[in-house]
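Single-structure report; data block below.
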Amino acid sequence: MDNITWMASHTGWSDFILMGLFRQSKHPMANITWMANHTGWSDFILLGLFRQSKHPALLSVVIFVVFLMALSGNAVLILLIHCDAHLHTPMYFFISQLSLMDMVYVSVTVPKMFLDQVMGVNKISAPECGMQMFFYVTLAGSEFFLLATMAYDRYVAICHPLRYPVLMHHRVCLFLSSGCWFLGSVDGFTFTPITMTFPFCGSREIHHFFCEVPAVLNLSCSDISLYEIFMYLCCVLMLLIPVVIISSSYLLILLTIHRMNSAEGRKKAFATCSSHLTVVILFYGAAIYTYMLSSSYHTPEKDMMVFVFYTILTPVLNPLIYSLRNKDVMGALKKMLTVGPAFQKAME
């Protein structure tokens with residue numbers, strides 16, 4: 001019997017064994033309770049941000065306003081890029097992909113958190129937790145690779161301007177963006193099923209405001225050391241490859257800018273790269289803290305604050321960084337604001 005229990009906890013066919021034990025038992029209700037406590041069948045409890053706040057109502061309003069700003073800012077940026085012909089370039093195509101990711105990214109966590117606070121419910125079912133985890137991991141992974149792709153795009157534009165239309169053709173851009181989404185989904189399909197099939201026993205309280213992989217793994221009652229090593233290596237690889245591409249691209253860009261004779265050309269090159277570098281530092285800084293620093297640096301409170309910045313504030317900052325510091329985007333926005341009233345008058 002001990003061997004069966006060990007196998008049920010450490011193999012992928014634990015549900016099959018548990019069902020066999022359930023059928024043979026003379027106390028089915030006791031087995032249902034036991035399985036609800038030791039498998040992924042029962043709900044999790046998200047402790048969230050609001051329990052630690054002295055003013056949870058105010059905090060929830062602030063987060064909801066930030067959420068609306070993130071959605072509206074990124075939606076406006078996507079609309080401008082789609083409608084203005086001057087913005088139909090590879091750089092702005094990738095920026096629109098980043099805005100789309102940010103819109104979905106912030107929608108994965110904030111609505112659930114806000115509804116829980118309004119309705120006074122902080123439970124999440126295992127399937128909902130798995131879906132939230134999958135979308136979060138997929139989008140985070142996709143954004144890692146997209147930022148590397150955007151750095152490569154700037155490298156080609158500045159270092160090989162004559163070959164830029166050929167090297168960054170529209171089909172190439174579609175292929176690169178599709179590759180980013182695909183690689184992100186590989187991460188989601190890898191980590192989510194493995195994490196959610198671990199047995200969970202004891203407390204179901206997740207010390208987080210959404211189902212994040214390490215936070216959920218802390219509830220497992222089985223040995224997860226090998227999986228943690230595997231996850232750490234995957235995260236290092238996911239960060240290392242894009243960081244190498246970004247670093248190499250910007251090193252070559254700096255060398256090219258240094259050789260430029262035109263002061264105006266240098267200024268323009270720095271302007272186009274500075275916005276992207278700001279986003280890279282914000283995104284990768286939080287990711288390195290979360291996934292590469294040892295557990296001794298982590299506490300639930302610190303992790304939640306980093307994730308608030310990482311998942312809620314960054315999607316708000318990205319459209320501001322790419323619009324306020326970009327003459328083309330600001331010009332397109334002014335054109336849209338002036339064309340709108342003129343069109344309404346013409347219709348009248």
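In this text the structure is predicted, and so the values were computed from the model without any measurement.
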Quick check, are the ring centers of [X] and [Y] under 6.0 angstrom apart?
X	Y	value
Phe134	Phe191	no
Tyr250	Tyr155	no
Tyr136	Phe210	yes

Rounded to the nearest 0.5 Å, what separation is found between the [atom1] atom of [X] and the [atom2] atom of [Y]?
X	Y	atom1	atom2	value
Ile45	Ile124	CD1	CD1	12.0 Å
Phe230	Ile194	CZ	CD1	5.5 Å
Ser177	Phe145	OG	CZ	14.5 Å
Lys334	Lys327	NZ	NZ	10.5 Å
Glu228	Leu217	CD	CG	6.5 Å
Thr89	Asp153	OG1	CG	7.5 Å

>> Applying side-chain contact (heavy atoms from CB on, under 4.5 Å) to Met133 and Glu128, what does each step give before you reach the verdict?
In response: CA-CA 8 Å; Met133 185 184 297; Glu128 289 175 334; over 6 Å; no
Taking all non-hydrogen atoms of both residues, which atom of [X] and which atom of [Y] are closest, and how far apart?
X	Y	value
Leu87	Val329	CD2-N, 4.4 Å
Phe309	Leu317	CE1-CD1, 4.3 Å
Ile81	His88	O-CD2, 3.0 Å
Gln117	Ala57	NE2-N, 4.4 Å
Thr256	Cys159	OG1-SG, 3.0 Å
Pro319	Leu77	CA-CD2, 4.0 Å

Any donor-acceptor pair under 3.5 Å from [X] side chain to [Y] backbone:
X	Y	value
Thr192	Phe189	no
His276	Met150	no
Asp84	Leu80	no
Ser142	Cys180	yes
Ser96	Phe93	yes

Give a yes or no on whether [X] and [Y] share a hydrophobic cluster (residues Ile, Leu, Val, Met, Phe, Trp, Tyr; joining criterion: side-chain heavy atoms under 4.5 Å apart).
X	Y	value
Val121	Met131	no
Val244	Val279	no
Val118	Phe67	yes
Leu254	Val280	yes
Leu337	Tyr322	yes

> Asn318 and Asp102: side-chain donor and acceptor closer than 3.5 Å?
Replying inline: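 On atom types as modelled, these side chains qualify, holding a pair under 3.5 Å.
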> What pairs meet the salt bridge (charged side-chain N to carboxylate O under 4.0 Å, His left out) rule with one or both residues in residues 164-187, with sequence neighbours excluded?
Replying inline: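 Found none.
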>> Does anything in residues 234-258 form a salt bridge (charged side-chain N to carboxylate O under 4.0 Å, His left out)? List the pairs, not counting sequence neighbours.
In response: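 Found none.
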> How far apart are the C-alpha atoms of Phe209 and Val110, what are their side-chain angles, what is the distance that settles it, and do they pass the side-chain contact (heavy atoms from CB on, under 4.5 Å) test?
Replying inline: CA-CA 9 Å; Phe209 57 89; Val110 175; over 6 Å; no
Side chains of [X] and [Y] in contact at under 4.5 Å (non-hydrogen atoms):
X	Y	value
Phe200	Cys221	no
Asn74	Leu100	no
Cys234	Thr190	no
Gln132	Val137	no
Asp328	Tyr92	yes
Ile229	Tyr232	no
Asp116	Lys112	yes
Tyr284	Leu147	yes

>> Taking Arg204 first and then Asp43, would you say they form a salt bridge - that is, a charged N and a carboxylate O separated by under 4.0 Å?
In response: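 No.
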> Going through the checks in order, is the side chain to side chain donor-acceptor pair (under 3.5 Å) test met by Thr195 and Tyr227?
Replying inline: CA-CA 9 Å; Thr195 302; Tyr227 178 53; 2.8 Å; yes
>> Tell me every residue that passes disulfide bond (SG atoms under 2.5 Å apart) with Cys211, counting only those two or more places apart in sequence or in another chain.
In response: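 Cys129.
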>> Atom NE2 of residue position His82 - does it have more than 12 heavy atoms of other residues, nucleotides or ligands inside 6.0 Å?
In response: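 12 or below, so no.
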>> Pair Tyr105, Phe135 - check ring-ring contact (aromatic ring centres under 6.0 Å, His included), show working.
In response: CA-CA 8 Å; Tyr105 201 53; Phe135 282 116; over 10 Å; no
> Yes or no on side-chain contact (heavy atoms from CB on, under 4.5 Å) for Glu205 and Phe44, after CA distance, side-chain angles and deciding distance?
Replying inline: CA-CA 6 Å; Glu205 294 182 345; Phe44 295 100; over 6 Å; no
> Arg154 and side chain to side chain contact (heavy atoms under 4.5 Å, CB included): which partner among Leu252, Ile246, Ile253?
Replying inline: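 Only one option passes, and that is Ile253.
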>> Evaluate Met168 against Leu176 for side-chain contact (heavy atoms from CB on, under 4.5 Å), listing each step before the verdict.
In response: CA-CA 10 Å; Met168 297 304 292; Leu176 290 172; 3.9 Å; yes
